Amino acid sequence: MLEVLRSGQLSLGPLVPEFERGFAAFVRAPLGCAVSSGTAGLHLALRAVEVGEGDEVVTSPFSFVASANVALYERARPVFADIDPVTLNLDPDAAAAAVTERTRALLPVHIFGYPADMPAFEGLAEKRGLAIVEDACEALGAVHSDGTPVGGRGHPAVFGFYANKQLTTGEGGMVTLGDPLLKERIDSERNQGRAPDMGWLDHDRLGFNYRLSDIACALGLAQLERLDGMLSARARVAGWYREALAGIEELELPCEDMDGQRRGWFVFVVQLPPGTERDTVLRKLAANGVQSKPYLPAIHLMSFYRERFGHREGEFPVCEDVAARSLALPFFPEMSESQVEKVARELAGALGR
């Protein structure tokens, strides 16, 4: 960090490609493009696979809103399909049913760090001639059943480096991919449409100010060196939660790793028992010093999407049930076992268990 400050080259410097190479190597991807946020990465990735006006992008309604919003940036339409009740990821069969002649791309989300069923989506994409962009913003460290890290399958996959992520640069993101031509386009469009061999004020395409600074890349490089330990610490806290919460009747915990897949722990989200007044639980927890929050709301039921597209309750029942019962508990890698046990006691008390 001090070297960057002393160099006077705070942006467009040598640490950007160094961070890109290091991060891509970690997820075993050929290439990486550093960007200013996960949202920026998703936007540029959709542009790179030529999603445009009038196209449709099939994606999950159970995600952070950015994964749907980015389609609208290009005057395309996000088309939602219901989620799997166990993994909470986009259901491949539901996604297949949502594909139309206007569908240009699939945008599966590795929600809460659990790997989406990419072989199924890749089969659908090949059959219907579709592009794939992965929202891996919550999934750093996740691994597919064949041993491939999330982000290393070749098509554009986007990671976020916001303050609560497994690796953080404050704000920032990375697109990993395998096609050099797509990287060339993303690298240009993140920098106002300027190609590497062009002058300071020369631009040959529409672009954006989506660069990641050398200061941020210095932070990222420092964390890459200890990322394995940081991911292990998160997994350890998750293991304590599983043990501490196991006896609470009807409380649904995040799914266990299955079929050789491994979650990259981002948050610890539980599903409250059916019929529970979630707001009451939130208030009781807060009164006893435990901060929690509903996480995540269903995108299609947000006011903007209701008004824009006419979405209503009942369209995606699995998503709506999960969203109504989800509760994110305190979760960070430095959390102690005693802190986890306190949360578990307070949650059991708030539920009357």
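These numbers were taken from a predicted model, which means no experiment stands behind them.
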Same apolar cluster: [X] and [Y], side chain cutoff 4.5 Å:
X: Val175; Y: Phe26; result: no
X: Val35; Y: Leu177; result: yes
X: Leu130; Y: Leu42; result: no
X: Val237; Y: Met230; result: no
X: Val99; Y: Phe80; result: no

Is it true that, when you exclude Lys342 itself, more than 12 heavy atoms of the residues, nucleotides or ligands shown sit nearer than 6.0 Å to its NZ?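 For Lys342, atom NZ is crowded (more than 12 foreign heavy atoms under 6.0 Å).
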
So with a 6.0 Å cut-off around CZ of Arg242, is the heavy-atom count from everything else above 12?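 Enclosed: over 12 neighbouring heavy atoms sit under 6.0 Å from CZ of Arg242.
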
Return yes if some donor-acceptor pair links the side-chain N/O of [X] with the main-chain N/O of [Y] below 3.5 Å, else return no.
X: Asp214; Y: Leu15; value: yes
X: Glu126; Y: Glu122; value: no
X: Ser326; Y: Val322; value: yes
X: Ser63; Y: Val109; value: no
X: Glu346; Y: Leu285; value: no
X: Arg205; Y: Ala195; value: no
X: Glu171; Y: Ser36; value: no
X: Arg104; Y: Val49; value: yes
X: Thr168; Y: Tyr162; value: yes
X: Ser188; Y: Glu184; value: no

About how many Å separate [atom2] of [Y] and [atom1] of [X], when rounded to the nearest 0.5 Å?
X: Phe332; Y: Arg234; atom1: CZ; atom2: CZ; answer: 10.5 Å
X: Thr148; Y: Arg28; atom1: OG1; atom2: CZ; answer: 6.0 Å
X: Arg211; Y: Asp187; atom1: CZ; atom2: CG; answer: 12.5 Å
X: Lys183; Y: Thr176; atom1: NZ; atom2: OG1; answer: 11.0 Å
X: Leu107; Y: Ile132; atom1: CG; atom2: CD1; answer: 10.0 Å
X: Asp135; Y: Leu90; atom1: CG; atom2: CG; answer: 11.5 Å

What I'd like to find out is whether the side chain of [X] reaches to under 4.5 Å of the side chain of [Y], using heavy atoms alone.
X: Thr103; Y: Val79; value: no
X: Leu251; Y: Leu272; value: yes
X: Glu225; Y: Leu221; value: no
X: Tyr241; Y: Leu253; value: no
X: Ile83; Y: Pro61; value: yes
X: Asp146; Y: Arg153; value: yes
X: Trp240; Y: Glu341; value: no
X: Leu351; Y: Glu250; value: no

Check [X] against [Y] and note the closest heavy-atom contact, atom names and distance.
X: Arg278; Y: Pro294; value: CZ-CB, 3.5 Å
X: Gly52; Y: Ala76; value: O-CB, 3.5 Å
X: Leu296; Y: Phe62; value: O-CE1, 3.2 Å
X: Leu88; Y: Ile111; value: O-CG2, 3.3 Å
X: Cys217; Y: Val16; value: SG-CA, 3.7 Å
X: Val270; Y: Leu329; value: CG1-CD1, 4.1 Å

Under the side chain to side chain contact (heavy atoms under 4.5 Å, CB included) rule, what do Arg185 and Glu50 come out as? Steps first, then yes or no, please. CA-CA 11 Å; Arg185 175 169 178 170; Glu50 299 186 349; 4.0 Å; yes

Going by the side chain to side chain donor-acceptor pair (under 3.5 Å) test, name the single residue among Gln192, Glu189, His43 that passes it with Tyr210.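 One option only clears the test, and that one is His43.
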
As a quick check of understanding, evaluate side chain to side chain contact (heavy atoms under 4.5 Å, CB included) for Cys255 and Tyr114, giving each step before the final call. CA-CA 9 Å; Cys255 70; Tyr114 195 82; 3.9 Å; yes

Are the aromatic ring centres of Phe23 and Phe161 under 6.0 angstrom apart?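 Yes, close enough.
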
Applying salt bridge (charged side-chain N to carboxylate O under 4.0 Å, His left out), name anything that partners Glu313, two or more places apart in sequence or on another chain.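 Counting only residues at least two positions away or on another chain, Glu313 forms a salt bridge (charged side-chain N to carboxylate O under 4.0 Å, His left out) with Arg306.
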
Pairing residues for Asp259 by the salt bridge (charged side-chain N to carboxylate O under 4.0 Å, His left out) criterion, not counting sequence neighbours: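 If we apply the salt bridge (charged side-chain N to carboxylate O under 4.0 Å, His left out) test to Asp259, skipping adjacent residues, there are no hits.
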
What orientation do His300 and His311 show, parallel under 30°, tilted 30 to 60°, or perpendicular over 60°?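 Perpendicular.
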
One thing to verify: whether Glu56 and Arg128 come together as a salt bridge, which I'm taking to mean a side-chain N less than 4.0 angstrom from a carboxylate O.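 Salt bridge between Arg128 and Glu56, a charged N being under 4.0 Å from a carboxylate O: no.
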
So Asn164 and Phe266, side chain to side chain contact (heavy atoms under 4.5 Å, CB included) or not? Walk me through it. CA-CA 8 Å; Asn164 62 349; Phe266 167 56; 3.5 Å; yes

Between Val340 and Val343, does the side chain to side chain contact (heavy atoms under 4.5 Å, CB included) criterion hold? Intermediate values first, please. CA-CA 5 Å; Val340 169; Val343 173; 5.8 Å; no

